[in-house]
Amino acid sequence: MSDHGTHGPVTRPGESADETLQHSIEAAHGEHHAHGGLGKYVLVFLALCGLTTMSFFTYSPAWPWRDQPQVGWAFMMAVSCTKAMLVILFFMHVWWEANWKYVLTIPAAMMALFLAIMLIPDVGMRNRMVSQERAMHMARPADLIELEKASSEGPFVEAAAH
Amino acid sequence: MNASAASITNGHDHGHGDHHGHVTLQYQPGLPLTRGKLIMWLFLSTEIMFFAALLGSYVVLRFGAPIWPKPHHVHLSEPIGAFNTFVLICSSVTIVLALESARANKASLAKIWMLLTLVLGGLFLGVKGYEYRAKFSHGIYPAMPHSRIYERPDLYYGSAVRARLDELRREPKDAWAAMKYAWSVAWHGSPQGAALHGVTEPETYDRLKELDEVAESSLTAEQVTARRSLQQIQKMLASPDQQSFDMAVIADQVMPVPAEGADHGGGHGAHGLNDAFPWLKLPTVIPGGNMWASTYFLLTGFHAIHVGVGLLVFAIMCTWTLNAKRAGAIENIGLYWHFVDLVWIFLFPLLYLF
């Protein structure tokens, strides 16, 4: 391969162009087994398990911010983003890839973000102005339901006493 | 990509020796990655947008809704979701190890890891199926006519309960005969047409009356209480001076909604009428439940389809010799599989813990 070094790889007999490219990429980066390794994967795996336990912890009674769900949501999203980063960087080998990774991932991520933001006015705020007919069948907020329950426990208290 | 970036070089002078001035085409990649991997990454970037749209609409629907059911109202089990997360993470590790083994040319070891990935993916789908079944058995479906979810305990809800109770009073004795009769009516266009062909309406019985006649000793304590409240409900629905708040009471008996803050430990609506007698299948009130069901089944359904496609490819790959030549293919399906894992990493907290 060394005599072709300056011109890039040449397809060898019995090999497809893609395989040749694969070999040349690996040779050029000298990364045949430079990254990966069982130890690193086990470490990432343990980190992922630990993070899952952390987000599951928000569900346990020991979670200190039970009355403020927003804290838990923010925490869980932070944990999820960390997990996603670990998977992308190490399992998907993006950590070791060349700069093309930015070309493919950043525009897609930006589009994804815009897509979600664009949904807010139409979908997220759709309950701000609704027709009379629709309002009739809509669910009511939780506090109203609690009020109703409190005001109508008559007959079943009796039934249970018998 | 690499063909378009081919550079034309001539190693020797034109017209020299046996080269006859032919140019030698040499590959010089535009991007330092194989075609397969490039296409997989392009596909994954479209997938990012696909799932971002789904997850984004879930988030805006969820926070724009006047009320959203707590996980226990809709019979979601967080431990099962966490277990599934763990299974998917494990399968991500095994596919990475399959790739490493294939790169080291250890074909049989690679196959073991690949098989393990297949089993773990299958386990994920199995658990998902079990969870779906739990939803279906509580009348939670994405849409009518199976869905028995009502948004609020209003008069529509009351009439749905009354209709279901009437149905139970005319329960066919033989389910198979009832099905045959229904088919025949549909085929011949009318009950008269079915009767002409000798298919008559099957015999029915009053299942509620039968329940009333069962000796108390053969029922559990919970069922005795449930039977009493069922009788109460029938009385309420028949009474001419029923109030609209009676419906809230009925809804609470059919499936009690755990109070705010008290949704831990055994809050799976175990004391509801539908749980005491699963055959009752009474309509339930789950405020916000319809939108919840739509988003839950859409998100997990699309994710499950992706898992299924991955499993299909793994199954095909298990028939191959997974040596270094296949490392590229394993890497590509591995990328896909990690992406599926990635989506679940966001789905789990959003659906189960929010």
Side-chain angles (χ1 to χ4, degrees), chain A residues 7-11 17-22 25 32-33 36 38 41 45 48-49 52 55-56 58-59 61 66 73 76-77 80 83-84 87-88 91-92 98 100 104-105 108-109 111-112 115-116 119-120 123-127 137-142 145-146 148-149 151-152 155-156 159-160, chain B residues 2 9 26-29 31-36 41-42 45 48-49 52-53 55-57 59-61 63-67 78 82 85-86 89 92-93 96-97 100 103 151-152 225 228-229 232 236 245-246 248-249 252-253 260-261 264 287-288 325 328 335 338 341-342 345-346 349 353-354:
Chain A
H7 301 298
V10 173
T11 307
D18 241 23
E19 279 169 23
T20 313
L21 187 62
Q22 178 82 41
I25 289 164
H32 229 315
H33 294 289
L38 193 65
Y41 292 135
F45 170 72
L48 286 174
C49 290
T52 308
S55 59
F56 194 64
T58 60
Y59 155 79
R66 293 207 60 80
W73 295 338
M76 279 187 276
M77 276 301 102
S80 283
K83 280 166 76 182
V87 170
I88 292 172
F91 284 171
M92 295 171 94
W100 61 262
L104 284 181
T105 50
M111 284 297 288
L115 215 65
L119 291 167
I120 293 174
V123 182
M125 299 179 179
R126 74 194 194 293
N127 288 326
H137 298 285
M138 259 168 62
R140 278 153 305 171
I145 293 173
E146 287 297 311
E148 260 174 16
K149 266 175 74 178
S151 69
S152 61
F156 283 95
Chain B
N2 27 16
T9 58
Q26 292 182 338
Y27 285 106
Q28 206 162 51
L31 285 173
L33 68 169
T34 58
R35 241 174 291 167
W41 270 105
L42 281 174
S45 48
I48 289 173
M49 290 183 265
L55 282 171
S57 15
V59 169
V60 293
L61 282 172
F63 290 101
I67 187 169
E78 286 92 344
T85 311
F86 176 70
I89 291 173
S92 256
V93 176
V96 152
L97 294 176
E100 290 295 315
R103 276 191 178 150
E151 290 289 321
R152 52 205 273 182
T225 323
R228 205 171 293 145
S229 40
Q232 194 83 30
M236 277 165 96
F245 66 73
D246 288 348
V249 178
D252 200 48
Q253 291 296 312
E260 202 73 31
H264 284 283
K325 267 193 169 178
L335 286 173
H338 296 312
D341 183 17
L342 212 70
I345 282 175
F346 285 101
L353 302 173
F354 261 45

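Just so it is clear: chains get the letters A, B, ... in the order the sequence lines come, proteins before strands, and each one is counted from 1.
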Task: Part of B:Leu335 lying under 4.5 Å from any heavy atom of chain A - done: both
Open item on the list: With a 4.5 angstrom heavy-atom cut-off, is it the side chain or the backbone of B:Phe354 that approaches chain A, or both, or neither?
Closed with: both
TODO: Among the options B:Leu42, B:Val96, B:Leu97, pick out the one with the most heavy-atom pairs lying under 4.5 Å from chain A.
DONE: B:Val96
- [ ] Sort out for me which of B:Ala52, B:Ala65, B:Pro349 touches chain A most, counting heavy-atom pairs under 4.5 Å.
- [x] B:Pro349
Task: Nearest heavy atoms of A:Ala112 and B:Met49, plus distance in Å - done: N-CG, 4.3 Å
- [ ] Please look at B:Ser57 and chain A and tell me whether the side chain, the backbone, both or neither of the residue comes under 4.5 angstrom of a heavy atom of that chain.
- [x] both
TODO: Give the minimum heavy-atom separation between B:Val93 and A:Phe91, together with the two atoms involved.
DONE: CG2-CZ, 3.6 Å
TODO: Check A:Leu119 against B:Gly56 and note the closest heavy-atom contact, atom names and distance.
DONE: CD1-C, 3.7 Å
- [ ] Over all heavy atoms of both residues, which pair between B:Ala53 and A:Leu115 is shortest? Give the atoms and the distance, please.
- [x] CB-CD2, 3.4 Å
Open item on the list: So which atom in B:Val60 and which in A:Ala116 form the shortest heavy-atom distance, rounded to 0.1 Å?
Closed with: CG1-O, 4.3 Å
